[in-house]
Amino acid sequence: MKMKFKLLIFCSLLSLFIWWLWPGTLFNDPFSTVIEDKEGRLLGAKISADQQWRFPEGKSVPEKFQKAIINYEDRFFRYHPGLNPWALSRAALLNLKYHKIISGGSTISMQVIRLSRKNKPRTVYEKIVEIFLAVRLEMSNSKANILRLYVSHAPFGGNVVGLEAASWRYFNVDPDNLSWAEAATLAVLPNSPGLIYPGRNPGYLLNKRNRLLDLLEKRGVIDGTTCRLAKSENLPQRPFPLPRLAPHFLERMIKKGKSGQRIKTAIDRTFQEKILTCLSFHRSLLEANEIHNAAVLVLEVSSGNIIGYAGNLPGGDRMAHGNNVDIITAPRSTGSILKPLLYAAMLNDGLILPNTLIPDIPMQIGGFVPENYNLTYDGAVPAKQALSRSLNIPAVKMLQTYGYEQFYSLLRTMGMSTLTKPADHYGLSLILGGAEATLYDLAGIYAGMARSLNKYNESSPGIDKTDLRQKGSLDVASVWLTFEAMVEVARPDEDQQWKSFSSSNKIAWKTGTSFGNRDAWSVGVTPEYVVAVWVGNASGEGRPGLTGISVAAPILFDVFNALPPTTWFDMPEQAMIQVAVCRNSGFRTSVICDITDTVWVPKNGAKTVCCPYHQLIHLDRSEQWQVNSNCESPDNMIHVPWFVLPPVQEWYYRNKNPFYKQLPPFRPDCSSLSERKNMEIIYPKNNSKIYLPVDLDGREGSTVFKIAHRNPQYLVYWHLDNKFLGITTQIHQMAISPPEGIHDLTLVDQTGETSKIRFEVMVGK
Ligand SMILES: [Zn+2]
């Protein structure tokens, strides 16, 4: 009885002692940050806060290494309770015999404890503590977990801790792909980590490895051939750098507070490598033009997951050209890349139909003078074509109609996080690159549009789909029509490069180029993926030839070619209606429109206004002259629908559209009210010669041209040799310095009245 009582007390004290010794967590060391692809393959890593390559625990220990380490360190690991009395006694005898520590007789469990206690000096007390804690460890952990702890925290030489980091540093492979020779090399290291240093005792390490391989053969783990082949493998020479497949994404995750974690991403390593290869290929072309930065972001539409992320060009002189900057999150000027969103928004609100004519004539609003890229004017263009040709003036006209304040708030609702200033700050320039966007937001916006369209089309046909539209977002019909219009983005056919862009898949895409050729963008969408590309200089330096179409689009198409084949969006028929539109104007037909087409438009398309351009005009029987009731009896009149654009639009439009028929003149006996000239050129006179003086600095001087207009408040459009010069109102004069030679000056007022003169310039000496 007394004996039992003593035993009880002893056991209680022992438990208390172990409880007191047992730390809450065994290891508190900071881990490296590790980033993995969707299948757990390593994309990159960042050294831990204490400058160690110590990967977070997590992965199970691969088979080969398990066998190697257990045979080398602790043969009976799977069977003992944490300590191995036979090994301990053998070690004690050996140590006594040689009067120094030859062997610790430690089990792997005891070594886990020893590692967690930071390798305290080897004393008998410490040994006893290790034994107790090892037993305690065994009681609360599976063998697999104990082995995993050991393998994650064992030293492998230098600043390499744990098997995973060691595998990558010494053999540049995932631990699962270690050969027997490699597994054996790594298995002997935790015991003598110093051996791995290059040039230090290579023979000694080789001996240790080969002895272990022999042991494995002897114990029947590997066969003779495997052993022989393994022994012929070389030892590692110098540490490999860790993979750097997504360094910017890794940094971004660290900024988001994921430091020291194992970050699982949706990136596909093989695809990511293809993106980097593609960027490396383009790098030489870009560098020849002093362009040093580029970024690619690829999203999967269905999940919104990032499946490819290249924040900048791989490799290169990172310090000199800012290649460490993650461009994907950097706000950059948008150029034309937001135009499809305005097109969609106007379809959505019933303000346009796809082919509605939009004015394309010179405009100036205060100091804001938008110009098309090619500096010409079409008079009027279908909205869809204005988008695919990325014309600036129609875009500004559209934004005027839609309202920049509304567009600003729509962009914010859709996820553009960089509109930090009030709407008035951007004004109408919002559509021409006046604001900044990130590749990240942009790709997200397009992916959101594609996703809503997919979801709508995938939902069962019978149900009422009106609820499927998210509040504040664009309706699916507008999105579909916008993507359809983006398929037809103009590709300059004189550009040889474009021949290699032949993609068999239908892709909605758009490019953008910011003011001063500083930013080149391209975005492409399919039902499966969004690819967004930016090219430029992180420094902000513009380069001639840095345009979306010439440098960003080629990368976009290369990336799409590296993706699996894509499909195309179904038409969301239930969200659309068929309407009759005027073929000439693209508006809904009025009763006068003669040629009409039936097209699918968003339901809101029914709200759009009718064609304002068709007029019913009255001709005499010859159909050559316009007449009215003052000069012709209604019985002799023929009433003809006529497509008439507003005067200034007409003036530009008829140059580009030979089918455009101007109104016939009034028959001379009917013309009492018309044909009165309102505008006259005062200086120079027709067929005159002008002598231009040369200024003191050697440049040609200018001379002031003047005109008179009966209605000074009218706008007058000035053109020299068919090139637009500017608009005047109230005071109709302009300083012009034409070069030597013969020139044509053409003036068009807002009613379309035209005056034209020819003059010759002589430059004085
Ligand atoms: Zn019409």
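Computation of the quantities below employed the complete heavy-atom set of this structure, encompassing side-chain atoms and omitting hydrogens, waters and symmetry-equivalent molecules. Counting starts at 1 for both ligands and their atoms, following the listed order.
- In this structure, the ring of F705 has its center less than 6.0 angstrom from the ring center of F759.
- Ion pair K421/E436 not flagged as a salt bridge, since none of the NZ, NE, NH1 or NH2 atoms sits closer than 4.0 Å to an Asp/Glu carboxylate oxygen.
- Legend: residues meeting disulfide (SG to SG under 2.5 Å) with C610, ordered by chain and number and at least two apart, are absent.
- By the criterion of a separation under 2.8 Å, the protein N/O/S atoms near the Zn ion (ligand 1) amount to C582 SG, C593 SG, C611 SG, H614 ND1.
- Applying the side-chain hydrogen bond (donor to acceptor under 3.5 Å, both in side chains) rule to pairs touching residues 519-534 yields R332-D519, S514-D519, D519-W534, T526-E528, E528-T567, sequence neighbours excluded.
- For residues 338-366, no residue pair satisfies the salt bridge (charged side-chain N to carboxylate O under 4.0 Å, His left out) rule, not counting sequence neighbours.
- For D378 and R389, the salt-bridge test passes: some basic side-chain N is under 4.0 Å from an acidic carboxylate O.
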